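Values below: all heavy atoms of this structure, side chains included; hydrogens, waters and symmetry mates excluded. Not measured: the values here are computed from a predicted model.
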Amino acid sequence: MQTFTSLTPDGLERLAEIFAADARFKDPFNDVHGLAAITRIFEHMFATTRDSRFVISDHAVTGDTLFIRWDYHFQTLKGEAWEIPGTSVVRFNAQGLALEHVDYWDPAEHVYSKLPVLGWLMRWLRGKLQA
């Protein structure tokens, strides 16, 4: 878990310490296989944000599966501060490397609703559904 909380753009090679070569990574925007593809996701994250960091608030382990509750803090390239809460489910192989890492978080609430036109539409739809 410390690898994620201390990950930097210059330290992405450390992902090889936690992911199996053929690992799967899935989140609301990506579903990729392989260490190279996973590394590209983190490269993109660092290229499109500033001061990215994960804060882990809770975790649990059962068998070969780790559950993590986290908050992702970052600034947009324009300097706007964001925080996205989420949960990860990570399944490990016998060597202790992640075979599958699936992130669960709500892009409608935490991304789409903050975009100018789409955000207005999301708020309008939410209002209609709650009425």
Novice: What residues, two or more places apart in sequence or in another chain, satisfy side chain to side chain contact (heavy atoms under 4.5 Å, CB included) together with Thr8?
Specialist: Asp10
Novice: Asp22: what forms a side-chain hydrogen bond (donor to acceptor under 3.5 Å, both in side chains) with it, not counting sequence neighbours?
Specialist: none
Novice: With rounding to the nearest 0.5 Å, note down the distance linking CH2 in Trp105 to CZ in Phe29.
Specialist: 4.0 Å
Novice: Between His73 and Val55, which heavy-atom pair has the shortest distance, and what is it?
Specialist: CD2-CG2, 3.6 Å
Novice: Hey, could you give me the CD/OG1 distance between Gln75 and Thr49, rounded to the nearest 0.5 Å?
Specialist: 9.5 Å
Novice: Table please: side-chain donor-acceptor pairs of residues 85-93 below 3.5 Å, with sequence neighbours left out.
Specialist:
unit_1 : atom_1 : unit_2 : atom_2 : d
Ser88  : OG     : Trp70  : NE1    : 2.8
Ser88  : OG     : His101 : NE2    : 3.3
Ser88  : OG     : Asp103 : OD1    : 2.4
Asn93  : OD1    : Gln95  : N      : 2.9
Asn93  : OD1    : Gly96  : N      : 3.0
Asn93  : OD1    : Leu97  : N      : 2.9
Asn93  : ND2    : Gln95  : OE1    : 3.4

Novice: Do you know which two heavy atoms are closest between Ala23 and Ala98, and how far apart they sit?
Specialist: CB-O, 3.2 Å
Novice: When rounded to the nearest 0.5 angstrom, what distance separates CG in Leu12 from CD1 in Ile38?
Specialist: 12.0 Å
Novice: Taking all heavy atoms of Arg14 and all of Ser6, pick out the closest pair and write down the distance.
Specialist: NH2-OG, 3.1 Å
Novice: I need the Glu83 CD to Arg53 CZ distance, nearest 0.5 Å.
Specialist: 8.5 Å
Novice: Roughly how far apart are Ile18 CD1 and Leu7 CG, rounded to 0.5 Å?
Specialist: 7.5 Å
Novice: Asp31: what forms a salt bridge (Lys or Arg N to Asp or Glu O under 4.0 Å) with it, not counting sequence neighbours?
Specialist: Arg24
Novice: Taking the six-membered ring for Trp, are Phe25 and Phe19 parallel (under 30°), tilted (30 to 60°) or perpendicular (over 60°)?
Specialist: perpendicular
Novice: Counting neighbours of NE2 on His44 that are heavy atoms of other residues, nucleotides or ligands and sit closer than 6.0 Å, is the number greater than 12?
Specialist: no
Novice: Would you kindly confirm whether Leu99 and Leu15 end up in one hydrophobic cluster when ILVMFWY residues are joined by side chain heavy atoms under 4.5 Å apart?
Specialist: no
Novice: Who pairs with Ala37 by side chain to side chain contact (heavy atoms under 4.5 Å, CB included), at least two apart in sequence or on another chain?
Specialist: Val32, Arg40
Novice: Kindly indicate whether the side chain of Tyr72, heavy atoms from C-beta on, has any atom under 4.5 Å from the side chain of Met45.
Specialist: yes
Novice: List in chain and number order the residues that pass side chain to side chain contact (heavy atoms under 4.5 Å, CB included) with Val61, two or more places apart in sequence or in another chain; answer none if no residue qualifies.
Specialist: Leu66
Novice: Looking only at heavy atoms, which two atoms of Leu35 and Ala16 are closest? And how far apart?
Specialist: CD2-CB, 3.6 Å
Novice: As a quick check of understanding, evaluate side chain to side chain contact (heavy atoms under 4.5 Å, CB included) for Ile84 and Phe74, giving each step before the final call.
Specialist: CA-CA 9 Å; Ile84 298 175; Phe74 66 96; 3.9 Å; yes
Novice: State, with a plain yes or no, whether a side-chain heavy atom of Phe54 is found less than 4.5 Å away from one of Ile68.
Specialist: no
